Amino acid sequence: MEALGIDFKLFLAQIVNFLIFFYLFKKFIAKSFLEFLKNQEKSEQEKEAILSRLKIKEEEIKVKEEEILKKAKAEAKKILEEARREISEERKKVLEKAEKEAEDIRKRALRQIEEEKTQVNQEIRSYIIKTAESLVRKVLSEVIDKNYQEKLVEEALKRIPKNLKPN
Amino acid sequence: MKKNNTNHDKKLAWLITPYPLSKEEENLFYKYLPWLKDYQIINKIDPNLVGGFIIKIGSQVLDLSLLGKIKNLTKNLL
């Protein structure tokens, strides 16, 4: 071994050192170190489990959010449609009312025009008749002289029924 | 047809003519309307009366004038 350059004593001392180190390591360090590693591993696993649960929760929340959003959208759409329908109905009612009022006004106006027309016609008729009467009276008073008046009185007497008497 | 004392108890009858009646015309009235003898006749002159005469006894009116006919016609037309 010396020819190979190895110092046997040194080699033996190193083996002894190693054995002492191994013994001490196993006795005092290995257990706590392995425990530490196990704890680390356990801790990592717990972290992963927590992360996994959090991920699942996050996905659930996301799904719930989407559902809520969907519901909210549907509700908003429904409210909007209801509002539109109500506005449409209200507008229809207002239009119908306005049309009815316009029709009433038109009918009243037509009736008033008709009444005024009738009144004017009546006034014209009355005026014509009265004017004609005045003309006839004037013409008769100018045409009929005393002799003709006498004849008319006589004729009127002749036309009286014999049995005519005051009550 | 003038008023006289014997007519005081008789009812009044107004005879409206466009001119004063002559005696002959008065007689014609008594001829065609003999019941006029039961009334005290007062002849009222209305120059506006055209063609004929009117007799008024109380509220009753017997209109036999052209004017009356024209008025009736006007009334019916109105």
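Below, read A as the first sequence line, B as the second, and so on, with proteins coming before strands; counting in each chain starts at 1. Note that the coordinates shown come from a computational prediction; the quantities given were computed from them, not determined experimentally.
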Do other residues, nucleotides or ligands put more than 12 heavy atoms under 6.0 Å from [X] [atom1]?
X: A:K146; atom1: NZ; value: yes
X: A:E96; atom1: CD; value: yes
X: A:R85; atom1: CZ; value: yes

Gap separating the [atom1] atom of [X] from the [atom2] atom of [Y], nearest 0.5 angstrom:
X: A:K130; Y: B:L78; atom1: NZ; atom2: CG; result: 6.0 Å
X: B:F29; Y: A:I160; atom1: CZ; atom2: CD1; result: 7.0 Å
X: A:I129; Y: B:L73; atom1: CD1; atom2: CG; result: 8.5 Å

Tightest non-hydrogen contact, residues B:T74 and A:E133, listed as CG2-OE1, 3.2 Å
Tell me, for [X] versus chain A, whether the close heavy atoms (under 4.5 Å) come from the side chain, the backbone, both or neither.
X: B:K69; answer: side chain
X: B:L64; answer: both
X: B:L62; answer: side chain

Tell me, with the steps shown, if B:L28 and A:V153 meet side chain to side chain contact (heavy atoms under 4.5 Å, CB included). CA-CA 10 Å; B:L28 270 178; A:V153 168; over 6 Å; no
Of the listed residues (A:E150, A:R125, A:E154, A:R137), which shares the most heavy-atom pairs with chain B below a 4.5 Å separation? A:E150
Go through the atoms of A:I144 and report whether side chain, backbone, both or neither lie under 4.5 Å from a heavy atom of chain B. side chain
Heavy atoms only, distances under 4.5 angstrom: which of B:G51, B:S22, B:G58 has the most pairs with chain A? Name it, please. B:G51
